[in-house]
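A short write-up of the structure that comes next.
Sequential numbering from 1 along the given sequence is applied to the chain's residues.
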Amino acid sequence: MNTVSRSIQGEGVWSELSAYWLKYTLQLDPKLEESFAEELASSPYTLGWMEPGIDVIRTDNGYDYRERDDVPLTAYLFEPLTDGQEERVEQLQHVLEKWAGQVTLLKVEKVREEHESWQQQFEPVQVGEWHIAPSWSGEGVVEDLSRVLWIDPGAAFGTGYHGTTQDILYLLQELPLTDKRVLDIGSGSGILSIFCAKNGASWPVYAIDINPAAADQIDHNCSLNHLPKQAVQVVIGDPLEPAAAEQLPRDADLILINIGAEEDVAMLPVVLRSLAWGGTVILSGIVEWSREMVEQAYREAGFSPIAERISGEWVTLVTRLCDNEKKA
């Protein structure tokens, strides 16, 4: 999923916030983005981020965003509230006069500093007989701690809150995992790999992701779940490239791919090389309008569908390799 917010300042700026801040919402011409940011870098204001105007577009792989250069950017400024709010706003209006009406103040808010307020959006969630919870929830989150996946959000994709991830977890609870050799393609934070490792899958579970941040994130989440490092073998790289492909198993009983429909199809050579005869593949990140494309590609490669889950427009498929002649 592409982000449409551009962070201008480093994370260190947030440690300098006072108890109350004024948050200013501005609009400006996209052509001023660079000069506006440079000007404010030496000002008493903190430029948090800018958001371009966007159009949401539908693609074969789901949804994407297209930035627009014909509508204003939205910018968010912050200033410590050290004296009267009215005086602060008047001073900002004076500063903005430099841009001769090309920068407009839309909204002023008084906000309290909350260093960890972002954590509030990550609450424990139940998926079947299991809970997904961040570490700051504390061990009192549920009664049965043996059925909790402790997953902290980080730089690697995947928190367990997206419907596709939850649908895979539902399906994994219905599959026998004991002693199964598992390959998780596009592992992100490692939530699916960790679930398998905690539920009897053969160690190591192989987790591959193109994002280098995944390695530390998976190690961290393994530690939260009291799993040793050897429980999950992290591979960083593109599984279609020889350097990464050589590090993957050739006899996996179960392969998980939760990226997107086009990627599910693109990974077929990896699947056929890595999957044991009679093995199972769970495919997700598929929108309903690309389902047939994925099903056809896997059907032609010798796979048969055995189960599915649907959440809104998202489809998750369970397929099994049945045609020995198709296995290369």
**Study point:** Donor-acceptor contact present, side-chain Gln126 to main-chain Gly128, <3.5 Å
**Key:** yes

Check your understanding: Mind checking what makes salt bridge (charged side-chain N to carboxylate O under 4.0 Å, His left out) contact with Asp70, not counting sequence neighbours?
Key -> Arg68

Review point. Say you draw a straight line from CG of Leu275 to CD1 of Ile255; how long is it, rounded to the nearest 0.5 Å?
Key: 4.5 Å

Check your understanding: Any sub-3.5 Å donor-acceptor pair from Asp152's side-chain atoms to Ser135's backbone N or O?
Key -> yes

Review point. Any side-chain heavy atom of Ser43 sitting closer than 4.5 Å to one from Val95?
Key: no

Point to revise | Least distance between heavy atoms, Ala301 atom then Leu268 atom | key: CB-CD2, 3.8 Å

Check your understanding: What distance do Leu106 atom CG and Leu26 atom CG have between them, rounded to the nearest 0.5 Å?
Key -> 7.0 Å

Exercise for review: Rounded to the nearest 0.5 Å, what's the gap from OG1 on Thr319 to CD1 on Ile306? Could you check?
Suggested key: 7.5 Å

Check your understanding: Hey, is the main chain of Asp251 close enough, under 3.5 Å, to the side chain of Arg181 for a donor-acceptor pair?
Key -> yes

Review point. What residues form a side-chain contact (heavy atoms from CB on, under 4.5 Å) with Val89, not counting sequence neighbours?
Key: Tyr24, Gln85, Gln93, Leu105, Val108

Review point. Is any side-chain heavy atom of Leu172 less than 4.5 Å from a side-chain heavy atom of Cys196?
Key: yes

Check your understanding: Is it true that a side-chain atom of Asn221 and a backbone atom of Ser189 form a donor plus acceptor pair closer than 3.5 Å?
Key -> yes

Review point. Are Leu81 and Trp21 close enough that some pair of their side-chain heavy atoms sits under 4.5 Å apart?
Key: no

Exercise for review: Look at Glu292 together with Arg299 and state whether they make a salt bridge at an N to O cut-off of under 4.0 Å.
Suggested key: yes

Practice item. Report yes if the side chains of Tyr206 and Ser274 come closer than 4.5 Å at any heavy-atom pair, otherwise no. Key: no

Review point. If you group Ile, Leu, Val, Met, Phe, Trp and Tyr by side-chain heavy-atom gaps below 4.5 Å, do Leu256 and Ile210 land in one group?
Key: no

Revision key, fill the gap. For residues 221-232, the salt bridge (charged side-chain N to carboxylate O under 4.0 Å, His left out) pairs (sequence neighbours left out) are Asp219-Lys229

Exercise for review: To the nearest 0.5 Å, tell me how far Thr316 OG1 sits from Gln166 CD.
Suggested key: 10.5 Å

Review point. Is the closest side-chain heavy-atom distance between Leu22 and Tyr45 below 4.5 Å?
Key: no

Practice item. For the pair Asp209 (side chain) and Gly188 (backbone), establish whether a donor and an acceptor sit closer than 3.5 Å, ignoring hydrogens and angles. Key: yes

Review point. Is there a path from Leu240 to Leu283 through hydrophobic residues (I, L, V, M, F, W, Y) whose side chains come within less than 4.5 Å of each other?
Key: yes

Practice item. Using a 4.5 Å cut-off on heavy atoms from C-beta on, say whether the side chain of Lys198 contacts that of Asn225. Key: yes

Check your understanding: Is there side-chain contact between Leu73 and Phe36, with heavy atoms separated by less than 4.5 Å?
Key -> no

Check your understanding: Donor-acceptor pair, Thr280 side chain versus Leu254 backbone, under 3.5 Å?
Key -> no

Point to revise | Side chain Tyr298, main chain Asp264, donor-acceptor under 3.5 Å | key: yes

Point to revise | Side chain to side chain, Leu317 and Arg291, heavy atoms closer than 4.5 Å | key: yes

**Study point:** Expected output: side-chain Gln173 to main-chain Val127 donor-acceptor under 3.5 Å
**Key:** yes

